[in-house]
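Structure record follows, encoded as structure tokens.
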Amino acid sequence: MSTKDRILDEALTLFSENGYDGTGVEQIAEKVGIKAPSLYKHFKGKEDIMNALIDNAEARYEESFGSERHIGTLPESREEFVRVTMERILFTMHDTVIRKIRKFLVQEQFRNARLAAITTRHQLEGVQRMYTKIIEGMMEKGLFVKDDPALLADELTASVVLLIAKADRQPQTEQEITESIERHIRHFCDVYMMVQGSIK
């Protein structure tokens, strides 16, 4: 790992544990094992580090979870829809970088307008718009009942977002929460998915 990557790694841990204001450049440098002046060879300062962390996390999320612009191949069946959705959720719950970023964003969203917008996008609007497109595409293929895809996306994602937030606060409940999320997705499919031209 390069020095620049180590700076980002240690900064993310410190930001997620102590918050942005509670973390100093000196602390980051000490964790990396360098002097503070050496850190400035890689970043202009703490805000520059934070912006790099956010940019990296957004790229990672886009690649591994997806977005409204990058929904991937539409599922062709109920089981594929459940599997792909659970894969995305488990990535969100288990990826170390994404978990730390989420914890950091939750703490800092009320202090920084950019972080507030990113939090809203990742926890609400972005995932809702992504699933609106997925569900709409699956409606066009005759896999979901014809309905308002945005409302169905809300119904699917809102509970999941709340349950992931609970797992972040109470990690000992993760297995139970994962099972609850899968039950929720399967129930959603039972209610809204079509099988051979009729509702399942």
Side-chain angles (χ1 to χ4, degrees), residues 16 50-169 177-178 180-194 199-200:
S16 71
M50 180 189 72
N51 287 330
L53 283 170
I54 295 298
D55 291 343
N56 289 350
E58 292 229 87
R60 185 185 191 97
Y61 202 76
E62 173 88 9
E63 181 182 341
S64 298
F65 185 91
S67 69
E68 183 182 13
R69 295 185 312 273
H70 179 222
I71 64 171
T73 306
L74 288 174
E76 296 286 342
S77 68
R78 176 184 192 269
E79 282 308 311
E80 187 180 359
F81 180 80
V82 172
R83 179 182 57 76
V84 170
T85 300
M86 285 303 298
E87 284 172 1
R88 287 184 167 119
I89 290 164
L90 292 173
F91 163 76
T92 298
M93 290 176 72
H94 295 150
D95 185 87
T96 306
V97 171
I98 298 303
R99 288 182 71 182
K100 287 180 183 178
I101 283 287
R102 187 167 55 247
K103 186 176 176 184
F104 171 59
L105 290 174
V106 167
Q107 294 177 67
E108 300 297 326
Q109 64 184 312
F110 301 106
R111 298 185 189 103
N112 181 301
R114 181 184 182 209
L115 299 184
I118 290 167
T119 305
T120 298
R121 184 166 69 250
H122 284 292
Q123 295 188 355
L124 298 168
E125 295 171 357
V127 70
Q128 191 274 351
R129 285 195 301 262
M130 177 180 167
Y131 268 91
T132 296
K133 286 188 77 171
I134 291 169
I135 290 168
E136 187 173 36
M138 292 177 73
M139 280 179 187
E140 290 169 5
K141 290 184 167 196
L143 295 169
F144 272 100
V145 297
K146 291 288 185 185
D147 204 321
D148 183 329
L151 287 177
L152 266 61
D154 281 342
E155 187 172 331
L156 176 67
T157 60
S159 295
V160 173
V161 169
L162 290 173
L163 287 166
I164 290 171
K166 181 181 177 184
D168 287 341
R169 290 190 304 272
I177 285 170
T178 302
S180 293
I181 289 171
E182 184 166 349
R183 277 197 309 276
H184 169 68
I185 295 166
R186 289 186 179 282
H187 177 72
F188 177 85
C189 291
D190 287 344
V191 173
Y192 294 112
M193 284 200 84
M194 306 284 286
I199 300 175
K200 164 117 176 99

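What you see below is based on every heavy atom in this structure, not just the backbone, and it leaves out hydrogens, waters and symmetry mates.
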Problem set entry | NZ/NE/NH1/NH2 to OD/OE distance under 4.0 Å, D95 and R88 | no
Exercise. Does R83 pair with E79 as a salt bridge, N-O distance under 4.0 Å?
Worked result: no
For this session: Step by step, work out the side-chain contact (heavy atoms from CB on, under 4.5 Å) result for L115 and F104.
Result: CA-CA 9 Å; L115 299 184; F104 171 59; 4.0 Å; yes
For this session: Examine Y131 together with F188 and report whether their ring centres are nearer than 6.0 Å.
Result: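 No, the ring of Y131 stays outside the 6.0 Å limit from the ring of F188, centre to centre.
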Exercise. T119 and R102: side-chain contact (heavy atoms from CB on, under 4.5 Å), yes or no, with the steps?
Worked result: CA-CA 8 Å; T119 305; R102 187 167 55 247; over 6 Å; no
For this session: For E63 and H70, test the side chains for any donor-to-acceptor distance below 3.5 angstrom and give the result as yes or no.
Result: no
Exercise. Strictly by modelled atom types, are S67 and E62 linked by a side-chain donor-acceptor pair under 3.5 Å?
Worked result: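 A pair is found: one side chain offers a donor N or O, the other an acceptor, under 3.5 Å apart.
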Which distance, rounded to the nearest 0.5 Å, do you find between the [atom1] of [X] and the [atom2] of [Y]?
X    : Y   : atom1 : atom2 : value
E136 : L74 : CD    : CG    : 10.0 Å
E80  : T85 : CD    : OG1   : 10.0 Å
I101 : N56 : CD1   : CG    : 8.5 Å
I98  : E58 : CD1   : CD    : 9.0 Å

For this session: Check whether any side-chain N or O of K133 sits under 3.5 Å from a backbone N or O of E68 as a donor-acceptor pair, and report yes or no.
Result: yes
Problem set entry | More than 12 heavy atoms from other groups under 6.0 Å of NE2 on H187 | no
Exercise. Does a side-chain heavy-atom distance below 4.5 Å link L156 with L152?
Worked result: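 No, too far: nothing below the 4.5 Å cut-off.
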For this session: Kindly write out the residues that satisfy salt bridge (charged side-chain N to carboxylate O under 4.0 Å, His left out) with E182, not counting sequence neighbours, or none if the list is empty.
Result: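 With sequence neighbours excluded, E182 shows a salt bridge (charged side-chain N to carboxylate O under 4.0 Å, His left out) to R186, given in chain and number order.
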